[in-house]
Amino acid sequence: MGLSLSAASTGKKRRERARAKFNEEILPNISSLLHHVDADSLFVLYRLFSSTDKDLDGQFSYSEFRKLFGIRRSFISERIYLLIDEDNSGFAGFHEFVNGICRIYTMEESEWCAFVFRIFDLDGRKMLTLAECDALLRMVAGTDHSDHIHLKHVNSFCDNEGMVTLTNFQKAVSSQPMIIGHLLVVQGNLRTLLGETFSVLKSNKVVTTNEYTSNNSILGEIHG
């Protein structure tokens, strides 16, 4: 019992020292983020960022991103990482990390739809062919094989010209969310990892949705 209490006391003191260091050395340099995220949440994100920075370079790499989210290398995971790596440099500092984590945490189902839809909507018309939707579904699932059930469901939302608009794609996903299930799992893992501490981010969105901006800032940016 004595050993357990001692370990708990040591752990508490370590957290207190870490928080004091954060308040003194880190927080003054990122104070602009306090307009969107409270200090306690920023501290949690800082500890998460530090725990993933295994090579101690002060950057959050794509490899570290995949380990944190428990996902394999794929085209869609690279695109999700760009929600964090705003300048497409291959690495993200803490400011980018906070922005990106907040984006991923707060994105709604319709925004995930816009996120993947944009990748294939090269002409910006907000409509895709069924073949393009098939490629989209395979990309999200990370497979070379078509999911005929999901594709048939999306097909039921095609217009008379055989095109699927963004609005209709969002309706298709709304009635069958597993169409983008992989993306929702990634988000769910993050929400589980951060827990109720970040319920404020979920209920009071901290980013502005702009579904057809560039991929690097598809949901806007958090800047002071």
Side-chain angles (χ1 to χ4, degrees), residues 36 62 65 69 71 73-89 92 96 99-191 201-223:
H36 310 282
Y62 173 56
F65 161 78
F69 283 85
I71 55 179
R73 179 184 294 275
S74 66
F75 183 77
I76 189 61
S77 68
E78 291 175 356
R79 289 299 177 123
I80 297 173
Y81 177 66
L82 286 178
L83 291 173
I84 300 174
D85 179 18
E86 297 172 339
D87 60 4
N88 197 15
S89 66
E96 288 179 297
N99 289 349
I101 292 298
C102 289
R103 285 190 182 99
I104 295 170
Y105 192 101
T106 59
M107 281 174 72
E108 297 175 358
E109 185 182 85
S110 61
E111 294 169 334
W112 283 115
C113 289
F115 171 70
V116 293
F117 202 91
R118 167 69 175 81
I119 296 172
F120 288 88
D121 183 20
L122 300 180
D123 58 10
R125 296 172 59 208
K126 298 186 181 181
M127 57 178 60
L128 299 178
T129 65
L130 190 61
E132 288 171 328
C133 286
D134 180 31
L136 182 157
L137 298 181
R138 288 187 281 112
M139 177 196 68
V140 171
T143 178
D144 294 328
H145 306 291
S146 298
D147 186 319
H148 297 293
I149 295 177
H150 286 165
L151 190 60
K152 182 178 180 180
H153 180 69
V154 172
N155 185 40
S156 67
F157 287 82
C158 284
D159 61 20
N160 294 333
E161 297 179 356
M163 303 294 290
V164 180
T165 64
L166 172 59
T167 298
N168 282 344
F169 181 70
Q170 290 168 326
K171 290 178 180 178
V173 172
S174 179
S175 60
Q176 199 166 121
M178 285 311 296
I179 289 175
I180 59 168
H182 179 73
L183 300 177
L184 301 181
V185 167
V186 169
Q187 183 180 55
N189 288 344
L190 176 63
R191 289 179 173 177
L201 297 184
K202 187 176 180 181
S203 59
N204 301 299
K205 290 186 66 63
V206 296
V207 291
T208 301
T209 302
N210 187 348
E211 63 194 26
Y212 268 72
T213 57
S214 66
N215 285 332
N216 284 4
S217 57
I218 197 165
L219 295 181
E221 298 179 80
I222 304 174
H223 287 307

**Report entry** Qualifying residue for side-chain contact (heavy atoms from CB on, under 4.5 Å) with D134, from N155, L151, V154
**Finding:**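 So, applying the side-chain contact (heavy atoms from CB on, under 4.5 Å) to D134 and each of N155, L151, V154, only L151 qualifies.
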Please answer whether the main-chain N or O of [Y] pairs with a side-chain N or O of [X] as donor and acceptor at a distance below 3.5 Å.
X    : Y    : result
R138 : S146 : no
D85  : A92  : no
H153 : A172 : yes
Q176 : V173 : no

Requested in this report: In sequence, state the C-alpha distance, the side-chain angles, and the governing distance for E109 and S174, and then conclude on side-chain contact (heavy atoms from CB on, under 4.5 Å).
Outcome: CA-CA 8 Å; E109 185 182 85; S174 179; 3.7 Å; yes
Please name the pair of heavy atoms, one in [X] and one in [Y], separated by the smallest distance, quoted to 0.1 Å.
X    : Y    : result
M127 : D121 : O-OD1, 3.8 Å
S77  : F65  : O-CE2, 3.4 Å
Q170 : C113 : CG-CB, 3.6 Å
E111 : E108 : OE1-N, 2.7 Å
I71  : H182 : CG2-CE1, 4.2 Å
F117 : L166 : CZ-N, 3.5 Å

Requested in this report: May I ask you to check whether over 12 heavy atoms, not counting those of D123, lie within 6.0 Å of atom CG?
Outcome: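 More than 12 within 6.0 Å, yes.
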Report task. Might you work through the side-chain contact (heavy atoms from CB on, under 4.5 Å) test for I149 and K152, ending with a clear yes or no? Result -> CA-CA 5 Å; I149 295 177; K152 182 178 180 180; 5.9 Å; no
Requested in this report: With the side chain counted from C-beta on, respond yes when I180 and L184 share a heavy-atom pair under 4.5 Å apart, and no when they do not.
Outcome: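 In contact.
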Query raised in the report: Do the non-hydrogen side-chain atoms of Q187 and Y105 ever get within less than 4.5 Å of each other?
Result: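 No, too far: nothing below the 4.5 Å cut-off.
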Approximate separation, where rounding is to 0.5 Å, of [X] [atom1] and [Y] [atom2]:
X    : Y    : atom1 : atom2 : result
T165 : D159 : OG1   : CG    : 7.0 Å
L128 : K126 : CG    : NZ    : 12.5 Å
L136 : I76  : CG    : CD1   : 7.5 Å
I104 : I84  : CD1   : CD1   : 4.0 Å
I80  : Y62  : CD1   : OH    : 9.0 Å

Query raised in the report: Would R79 count as a cation-pi partner of F115, with NZ or CZ less than 6.0 Å from the six-membered ring centre and within 45° of the ring normal?
Result: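 Judged by the rule (NZ or CZ under 6.0 Å from the ring centre, within 45° of its axis), R79 is not positioned above F115.
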**Report entry** side-chain contact (heavy atoms from CB on, under 4.5 Å) between F120 and C133, intermediate numbers included
**Finding:** CA-CA 8 Å; F120 288 88; C133 286; over 6 Å; no
Query raised in the report: Does the side-chain contact (heavy atoms from CB on, under 4.5 Å) test come out yes or no for V140 and L183, once each step is laid out?
Result: CA-CA 7 Å; V140 171; L183 300 177; 4.2 Å; yes
Query raised in the report: Would E96 and R103 pass as an ion pair if we require N to O under 4.0 Å?
Result: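 Here E96 does not pair with R103 in a salt bridge, since their nearest N and O are not under 4.0 Å apart.
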